[in-house]
Engineer: 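Provided herewith is a single structure, encoded as structure tokens, for subsequent inquiry.
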Amino acid sequence: MNLDSLINKLNDKQKEAVISFGFPILVLAPAGSGKTRVITFKIMYLIEKIGLNPSKIVSLTFTNKAANEMKSRIIDLLPTKGKSIVASTFHSYSVRLLRKYSGLLGYKENFSIYDFDDSISVINRIKRELKLDIDANIILYTIASMKNSINSFEEYRSLIEENEFSKIIKQYIEYLKSHNAMDFDDLLLNLFFLLTSKDKNCIEASQKIRDSISYLLVDEYQDTNKLQYMIVKELLKNNSNHNNVTIVGDDDQGIYSFRGSTIENILRFENDFAGCKVICLENNYRSSQAILHAAKNVIKNNQNRKIKEMKTDNPYKSKITIFEANSPQEEALFVYEKIYQLLYKDGIRYKDIAILYRNNHLARSFEELFILKNLKHKVWGGYNFYAREEVRDVSAYLFSLLNPYDEVSLLRIINIPKRGIGTKLLEKLISQSKQNGIHIFDILKIISNDDEFKESMLINFFNENERESLKAFYELLVRYRQQIFQKEKNFSVIFNEMIEEIGYKDYLKLHNDEKTYDSKIGYLESFLSSLYNYKDEDDEYDYQNPYKIGERLRLLMNNDIEEKEEDCVNLMTIHSAKGLEFRVVFIVGAEKGIIPSSKIVDRKELEEERRLFYVAMTRAKEFLFITYCNERSKFGKKFPSYPSEFIEEIPEQDLVYDTKKIDATVTANDIASIKNLLINKMK
DNA sequence: CAGCCGACTGTTTTT
DNA sequence: CAGTCGGCTG
Ligand SMILES: Nc1ncnc2c1ncn2[C@@H]1O[C@H](COP(=O)(O)OP(=O)(O)OP(=O)(O)O)[C@@H](O)[C@H]1O
């Protein structure tokens, strides 16, 4: 698209933010006022008009989904050049830099990234060693808040010393470092340390990093915390780039204070970047008048906010529908029926519809119903599909097949299903591998070869039974690896055969009750069929390149990429819906104790919950539904539940109450559709 | 010492 | 209700 016609799609204020160059810009504006549009159009302007190199433009935000949204909107504008622009989360930008420079900080460049569960097991291990009995969650929370609030390396050091858990914290840090691992916060922290280090090599590297940025943009700025702000400041210390920054945000949408994001960051920015120009946008282009009017009246109940104008030229459209359900199942049925009433009306598609909730587990009743009814949907985030035990197991098989020297994967599945390689034998194997400096897979190889085995000293350590078990495992891997190299069958087919041969499904059956088994099989099948359907654009004919499959799987597991977006109904938390928009939005579980959460202790936190509700409402373009249950099960017992006070804050004139009775019993139709589902599965 | 059983406990939100 | 932990048994 040409630049001038593009610029004309902006209002005057947006235009000003886009074409201002040579001084820092801070755009403060409410939901749906076109802040992300400012970012994307400005990038195009910088490239086409100012002539900046696309690969030197860096655009950051906090959440994955917002980063993806930003990236895809950039690519819509700039299909080719857009690809070289860095548009990502702070975390993945840090990873990218640290993969290059972490050697300077005493890590190897291939450091691994520990997620929350990994960190918990490290803490538990140390707890056992030190014979301490402290809640691991509290320790990790303490560590996280320390890491995210410091001003310097020295301050970090002394904070650790002073902390009451200092001993366990130090061991945790040491453990990670000696295992060449970083947790999520380390990713940011180490980048910050690199940028502020006095070491000669670090200074040189930092200079290279700064030189690689000619313009920096930050979206959803209200979600950044102090550490992220410090990184922004450090990245812009070049004479040539320290004015080249545009930051956009909205104080009414700050919903991450639990991890240290604060609106003080906005004040800090105004102070630290001299000559900064603040631009406010007022016009909302996203939502109907009904929705905007309602949202405005909710958020105005917050005392701690900058008052701002919000208006829209959009039509009034429909009022907001409120529905009271007798159970989560009935709530799901209501949503389901509404979805079918709206689908294809005015061209509404599945992907135009979102179901938003406060807590991940609220997705459950909807997911269950949609599976039953065969409604196309995707649950974003939550209990990560790739974190599931069965998915991790078979993925480890996949990685071991492709690269048997991937020892994390190999060790995970070496005794799954049980094949006589217990902890004792495993310890021996690992210590032999360490002592002789030979990879475990190579030890297996020697053990499996009669002559080599007899000549090696391994014969002194492994008896005949143990040897048989190890050999069987080795030969299994080798046999399937050969099949892969022969390329006679597609990888997914070979892999499927292997999973059948090892009896993984029987293993699951043995170790789980019937219900869990069924769901695990479901996840396993969907994993395997995703492999079956996998096709890379570069793959010739119908041949699947196994290494591409493996690479993609790694990225998916690390959350570096999301699966291809399909036309389905979206289910996600309000937090992760930030920055997105949908024609139809259902806010479900709008109950006291859910939103606002029962955890809140003061007015400040109540205001954050209200901001969350405001974010949810302002995701909707045309249709907004708010539903709640009057009864909900907790801990296996039923409790009454009451509508959220935020619903009462919406003016009556914008509301309609749906009182349709929903029959929540399972119908003959449902049974027929389950039957169909099963028959289709068997085919 | 692995595996099973029963008692106990506890639901924010993301990277 | 579901997931975790600790103690008991083979
Ligand atoms: N000047 C404009 N004219 C017409 N449509 C616009 C204009 N600016 C933005 N829009 C549209 O309005 C919608 C909201 O814009 P955008 O997502 O950029 O808002 P935002 O301020 O980033 O919202 P949020 O803070 O909620 O993420 C988008 O669909 C966008 O294409």
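Here is how names work: the chains are called A, B, and so on, in the same order as the sequence lines, proteins then strands, and each is numbered from 1.
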Engineer: Any idea which of B:dT11, B:dT15, B:dT14 is nearest the A:Arg259 side chain?
Structural biologist: B:dT14
Engineer: What is the distance from NE2 of A:His361 to P of B:dT11, rounded to the nearest Å?
Structural biologist: 11 Å
Engineer: In whole angstroms, how far is the P atom of B:dT13 from the CD1 atom of A:Ile587?
Structural biologist: 17 Å
Engineer: Check the pair A:Tyr172 / A:Asp183 against side chain to side chain donor-acceptor pair (under 3.5 Å), numbers first and verdict last.
Structural biologist: CA-CA 11 Å; A:Tyr172 171 79; A:Asp183 64 20; 2.8 Å; yes
Engineer: Where does the angle between the aromatic ring planes of A:Phe193 and A:Phe153 fall among parallel (under 30°), tilted (30 to 60°) and perpendicular (over 60°)?
Structural biologist: perpendicular
Engineer: For A:Leu60 and A:Leu216: C-alpha separation, side-chain torsions, deciding distance, then whether side chain to side chain contact (heavy atoms under 4.5 Å, CB included) applies.
Structural biologist: CA-CA 8 Å; A:Leu60 301 177; A:Leu216 184 70; 4.2 Å; yes
Engineer: Between P on B:dT13 and CG on A:Leu356, what's the gap in Å once rounded to a whole number?
Structural biologist: 14 Å
Engineer: Could you tell me how far apart A:Ile255 (CD1) and B:dT15 (C1') are, to the nearest whole angstrom?
Structural biologist: 14 Å
Engineer: A:Lys147 NZ to B:dT15 C1': how many Å, rounded?
Structural biologist: 12 Å
Engineer: Using whole Å, report how far NZ of A:Lys599 lies from C1' of B:dG10.
Structural biologist: 8 Å
Engineer: Please tell me which of the listed nucleotides, C:dA2, B:dT15, B:dT14, lies nearest to the side chain of A:Arg364?
Structural biologist: C:dA2
Engineer: Using a heavy-atom cut-off of 4.0 Å across all strands, would you classify A:Lys634 as base, sugar-phosphate, or nothing?
Structural biologist: base
Engineer: Considering only atom C1', compute the distance from B:dT13 to C:dT4 and round it to an integer number of Å.
Structural biologist: 23 Å
Engineer: Using whole Å, what does the distance between atom C1' of nucleotide B:dT14 and atom CG of A:Asn359 come to?
Structural biologist: 14 Å
Engineer: Kindly give the atom pairs (protein nitrogen or oxygen, nucleotide nitrogen or oxygen) under 3.5 Å for nucleotides 1-7 of chain B.
Structural biologist:
from: B:dA2; atom 1: OP1; to: A:Thr423; atom 2: OG1; distance (Å): 2.4

Engineer: Among A:Glu631, A:Arg632, A:Glu324, A:Glu591, whose side-chain hydrogen bond (donor to acceptor under 3.5 Å, both in side chains) with A:Ser641 holds?
Structural biologist: A:Glu591
Engineer: Take a 6.0 Å sphere around CG of A:Asn304 and say whether it holds more than 12 heavy atoms from other residues, nucleotides or ligands.
Structural biologist: no
Engineer: Is it the case that over 12 heavy atoms from other parts of the model lie below 6.0 angstrom from the CZ atom of A:Arg603?
Structural biologist: yes
Engineer: Starting the side chain at C-beta, find the nucleotide from B:dT15, B:dT11, B:dT14 nearest to A:His575.
Structural biologist: B:dT14
Engineer: Salt-bridged, A:Glu174 to A:Lys177, with N to O below 4.0 Å?
Structural biologist: no
Engineer: Measure the distance between the ring centre of A:Phe258 and the centre of the six-membered base ring of B:dT13, then answer whether it is under 5.5 Å with planes under 30°.
Structural biologist: yes
Engineer: Can a side chain N or O of A:Ser598 be found less than 4.0 Å away from OP1 or OP2 on B:dT11?
Structural biologist: no
Engineer: Would you mind reading off the distance between A:Tyr141 atom OH and B:dT13 atom C1', rounded to a whole angstrom?
Structural biologist: 12 Å
Engineer: Is there a side-chain contact between A:Asn360 and the phosphate of B:dT11, meaning an N or O under 4.0 Å from OP1 or OP2?
Structural biologist: no
